[in-house]
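Here's the structure we're looking at; comments come further down.
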Amino acid sequence: MPVIDPSNPIVVLTGAGISKESGLETFRDADGIWSKVRIEDVATPEAFVRDPARVHAFYNARRQGLLNANVQPNPAHVALARLERDWPGGVLIVTQNIDDLHERAGSANLIHMHGELLKSRCEECGDITECRHDLSIALKCLSCGRDGGLRPHVVWFGEMPLSMDEIEQALARAGLFMSIGTSGNVYPAAGFVEVVRHYGRGHSVELNLEPSVGATSFAETRYGPAGDVVPAYVDELLSAV
């Protein structure tokens with residue numbers, strides 16, 4: 001690892017691999033969710049129009065799984081919260097995950113670019129509300145009163161990820177970009193390392209169970225379980241502070 005100036009900000013991208021170690025299913029592994037359910041049936045705006053009950057049932061099951069008492073932040077989540085707390089230059093976590101494990105571990109400066117499972121959004125008025133219960137077409141929006149318009153506050157295929165301008169600005173300033181637990185298959189997140197390279201001021205590292213599709217674009221790579229490699233890397237970073 002090169003010496004990273006502690007006054008420089010860090011941007012961290014996290015994907016399903018970090019949450020898998022907490023007991024959540026991934027989507028793109030060989031035995032992941034998309035090997036069992038068709039994306040077109042449950043994760044597009046068209047699917048919600050065609051069969052909202054099926055879409056709600058899919059995300060209700062995901063929500064119930066997330067709220068299982070056995071699902072808890074793992075050492076990788078905890079290490080990133082410590083990095084945010086102790087790194088002088090500031091840390092932004094950009095997560096592709098729709099779970100709340102980073103928040104539970106103590107992270108606060110966080111962007112959920114694909115939305116949040118524990119929130120609902122009204123298709124009519126756009127109101128976003130905390131949601132820890134099952135959604136259905138029978139529910140009414142408490143803000144506008146519309147029936148049947150509540151949906152999970154998640155980004156479906158064909159929709160634009162959230163806060164992209166803010167993310168690109170952070171990548172342009174980053175002294176270090178860390179990519180953790182991502183497959184490198186999903187854009188625009190898979191292109192973040194190229195944004196960092198374009199601006200030319202940040203070091204990049206992939207911390208993953210195995211090389212991602214874009215592994216060769218990173219200046220540094222380390223492989224192993226997130227619960228091992230992330231705390232070790234954070235220890236190295238903070239030893240220089």
Side-chain angles (χ1 to χ4, degrees), residues 1-6 8-29 32 72-87 89-99 101-114 167 170-171 173-197 199 201-241:
M1 177 199 297
V3 176
I4 308 297
D5 185 341
N8 285 336
I10 295 174
V11 176
V12 182
L13 172 68
T14 64
I18 194 172
S19 295
K20 183 177 183 179
E21 292 181 33
S22 291
L24 292 179
E25 288 186 275
T26 63
F27 285 87
R28 293 182 175 273
D29 281 353
Q72 297 293 335
N74 63 58
H77 294 106
V78 174
L80 291 177
R82 179 165 61 94
L83 181 64
E84 179 185 328
R85 184 182 66 244
D86 295 343
W87 186 256
V91 175
L92 171 66
I93 296 176
V94 179
T95 186
Q96 299 173 87
N97 300 330
I98 58 176
D99 61 64
L101 295 175
H102 282 300
E103 289 92 336
R104 286 196 236 168
S107 294
N109 193 26
L110 187 67
I111 292 175
H112 280 273
M113 63 179 294
H114 291 163
I167 293 169
L171 292 170
R173 298 190 301 266
L176 172 64
F177 172 62
M178 301 166 61
S179 179
I180 301 169
T182 64
S183 65
N185 282 311
V186 181
Y187 283 84
F192 287 176
V193 64
E194 298 298 342
V195 175
V196 174
R197 292 179 65 180
Y199 285 103
R201 54 173 302 186
H203 181 67
S204 60
V205 59
E206 174 171 273
L207 307 175
N208 221 351
L209 188 61
E210 57 189 19
S212 72
V213 172
T216 56
S217 294
F218 289 85
E220 182 182 4
T221 56
R222 299 192 187 186
Y223 299 113
D228 295 335
V229 297
V230 175
Y233 200 83
V234 168
D235 284 345
E236 290 182 40
L237 286 170
L238 293 178
S239 69
V241 173

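The residue from Val195, Val94, Val12, Val196 that alone fulfils the side chain to side chain contact (heavy atoms under 4.5 Å, CB included) condition with Phe177 is Val196.
Ala79 is linked by a side-chain contact (heavy atoms from CB on, under 4.5 Å) to Val230, Pro231, Val234, counting only residues two or more places apart in sequence or in another chain. Judged as a side-chain contact (heavy atoms from CB on, under 4.5 Å), and not counting sequence neighbours, the contacts of Asp228 are Pro225. Taking the salt bridge (charged side-chain N to carboxylate O under 4.0 Å, His left out) definition, one finds that Arg197 meets it with Glu194, sequence neighbours left out. Taking the side-chain contact (heavy atoms from CB on, under 4.5 Å) definition, one finds that Ala189 meets it with Leu13, Gln96, Met113, Phe192, sequence neighbours left out. Judged as a ring-ring contact (aromatic ring centres under 6.0 Å, His included), and not counting sequence neighbours, His112 has no contacts. In this view, Arg222 and Glu220, Glu236 satisfy the side chain to side chain donor-acceptor pair (under 3.5 Å) rule, not counting sequence neighbours.
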Run the salt bridge (Lys or Arg N to Asp or Glu O under 4.0 Å) check on Asp5 and Arg201 step by step: do they pass? CA-CA 11 Å; Asp5 185 341; Arg201 54 173 302 186; over 6 Å; no
Side chain to side chain contact (heavy atoms under 4.5 Å, CB included) between Lys20 and Asn97, worked out: CA-CA 10 Å; Lys20 183 177 183 179; Asn97 300 330; over 6 Å; no
So His77 and Ser19, side chain to side chain contact (heavy atoms under 4.5 Å, CB included) or not? Walk me through it. CA-CA 9 Å; His77 294 106; Ser19 295; 4.1 Å; yes
For the pair Thr182 and Ser179, evaluate side chain to side chain donor-acceptor pair (under 3.5 Å) and give the outcome as yes or no after the intermediate values. CA-CA 7 Å; Thr182 64; Ser179 179; 3.1 Å; yes
Side chain to side chain donor-acceptor pair (under 3.5 Å) between Thr14 and His102, intermediate numbers included: CA-CA 10 Å; Thr14 64; His102 282 300; 3.0 Å; yes
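A donor-acceptor contact shorter than 3.5 Å is absent between the side chain of Trp87 and the backbone of Val241. Under a 3.5 Å cut-off, the side chain of Asn74 and the backbone N or O of Ala76 do form a donor-acceptor pair. Of the possible polar contacts, one joining the Asn109 side chain to the Val91 backbone as a donor-acceptor pair under 3.5 Å is found. Remark: the backbone N or O of Tyr223 is not paired with any side-chain donor or acceptor of Asn208 at under 3.5 angstrom. A donor-acceptor pair is defined here as one N or O able to donate and one able to accept, closer than 3.5 Å; no such pair exists between the side chain of Ser217 and the backbone of Val193.
Annotation for Ala240 and Pro6: closest pair O-CG, 4.0 Å, computed over non-hydrogen atoms. Of all the heavy atoms in Glu21 and Ala226, the pair that sits closest is OE2-N, 2.5 Å. The nearest pair of heavy atoms linking Met178 to Tyr233 is CE-CD2, 3.9 Å. Nearest heavy atoms, Ser183 versus Ser212: O-CB, 3.4 Å. The minimum heavy-atom distance between Ala190 and Gly184, with the atom names listed, is CB-O, 3.4 Å. Residues Ala215 and Glu206 share a closest heavy-atom pair of CB-OE2, 3.4 Å.
Two residues are said to be in side-chain contact when any heavy atoms from C-beta on lie closer than 4.5 Å; Thr221 and Val205 fail this criterion. Looking only at side-chain heavy atoms (C-beta outward), Leu92 and Ile10 stay at 4.5 Å or farther from each other. Put simply, the side chain of Asn8 does not reach to within 4.5 Å of the side chain of Arg173, judged on heavy atoms.
For the atom pair OG1 (Thr95) and CG (Leu101), the distance works out to 9.0 Å, reported to the nearest 0.5 Å. Rounded to the nearest 0.5 angstrom, Ser204 OG and Leu171 CG are separated by 11.0 Å. Atom CG of Leu237 is separated from atom CG of Asp86 by 11.5 Å, given to the nearest 0.5 angstrom. Annotation: the span from Leu80 atom CG to Ile93 atom CD1 amounts to 5.0 Å, rounded to 0.5 Å.
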